[in-house]
Amino acid sequence: MGAPGQESPALLDEAGRLRDLRGVVDDLDGSFLAGGGIERLAGLDVEGLPVLPEGLRVGPPLRPGKIICIGLNYRDHAAETGAPLPTEPVVFMKAPDTVVGPDDEVLVPRGSTKTDWEVELAVVIGRKARYLSSPEEALGCVAGYAVSHDVSEREFQLERGGQWDKGKNCETFNPLGPWLVTADEVPDPQDLGLRLRVNGALKQDGNTRNMVFPVAEIVRYLSQFLVLYPGDVINTGTPAGVALGQPEPKPYLVAGDVVELEIDGLGRQRQTVGQA
């Protein structure tokens, strides 16, 4: 909670009040997760923590390490873009400095006419993972889940040559949060509804059961190619309903638009779009 760069850690209690974690943990990041931070918090006397005042800015729920993204991972999204279903996960990266708070302004890049939305389930890694052998082992490395907005610029991504990175790494292009919901609070990550609205109109309405590659397989697969560390975030793909998949003229985002997105049990985001 707090101004950008000056956030302090907080916990949401059962009554929906924010409790101040300063003095209990320094920050919510990879070191916190690697050091058994979630387990320590589970034993806290929550009622003894100070209640934070209402109206504070909500920042990202953790400071991530690397951000790994999975493309074309919903059957209906692949179909709307005209792409065949992938036989292996499509992997690309986003820089951690794209992450902003769940209600922070999203900026349309200069020269952009094709800035698009994508609601996604984010997986937060809680323990080091390398060469995992099974889906069960993979899920054991997951600390929790969050709402992620994988904002994309389609011209930069698809029409300007090279890989997708140019269209994925513009400033403010990864609102995250509002919460890190621990894995024990999400009984089945493959049964979560995802929704996104633009200016009040429902654009995306999907469910994680329609993923091509489920969470456990994504984590297992990625561990064969790179080491996953506590605090790393995986954006697991988006369902149908993005601007790219709609008829011309495609309704890409412009300054003044309001985007609202949510995932069952993980909270809501609301961003006003601005101009870089």
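Side-chain N or O atoms of T238 include one that pairs as donor or acceptor with a backbone N or O of V119 at under 3.5 Å. In this structure, the side chain of N169 engages the main chain of D165 through a donor-acceptor pair within 3.5 Å. In this structure, Q271 contributes its side chain and P102 its backbone to a donor-acceptor pair below 3.5 Å. Side-chain N or O atoms of T208 include one that pairs as donor or acceptor with a backbone N or O of L192 at under 3.5 Å. N210 places no side-chain N or O within 3.5 Å of a backbone atom of Y74 that could act as its donor or acceptor partner. Side-chain atoms of E260 never come within 3.5 Å of backbone atoms of R270 as a donor-acceptor pair (strictly under, hydrogens ignored). Checking side-chain atoms of D205 against main-chain N and O of R195 turns up no donor-acceptor pair under 3.5 Å.
Residues V142 and V186 are not in side-chain contact: their nearest non-hydrogen atoms beyond the backbone lie 4.5 Å or more apart. Counting only heavy atoms from C-beta outward, the side chains of R268 and L261 never approach each other to under 4.5 Å. Side-chain contact check for V273 versus E105: every heavy-atom pair is 4.5 Å or farther apart. Looking at V151 and P175, their side chains come closer than 4.5 Å, going by heavy atoms from C-beta outward. Residues T81 and L72 meet the side-chain proximity criterion, which asks for heavy atoms closer than 4.5 Å. Looking at heavy atoms from C-beta onward, V24 lies in side-chain contact with L49 at the 4.5 angstrom threshold. Side-chain contact between L266 and L121 is present, with heavy atoms from C-beta onward closer than 4.5 Å. Inter-residue side-chain proximity for F225 and I68 is flagged as unmet; no heavy-atom pair is nearer than 4.5 Å.
Within the structure, the ring-ring contact (aromatic ring centres under 6.0 Å, His included) test picks out the following pairs touching residues 139-173 (sequence neighbours left out): F92-W164.
Partners of E155 by side chain to side chain contact (heavy atoms under 4.5 Å, CB included), not counting sequence neighbours, listed by chain and number: T113, K114, E153, E159, R160. Under the side chain to side chain donor-acceptor pair (under 3.5 Å) criterion, S152 pairs with E118, K168, sequence neighbours left out.
With respect to D232 and K66, a salt bridge is recorded, a charged nitrogen being found less than 4.0 Å from a carboxylate O. With respect to the salt-bridge test (charged N to carboxylate O, under 4.0 angstrom), the residues R57 and D104 qualify.
Judged by distance alone, the side chains of N174 and N235 do bring a donor and an acceptor atom under 3.5 Å apart. Y131 and Q224 form no side-chain donor-acceptor contact under 3.5 Å, judged by distance and modelled atom types alone.
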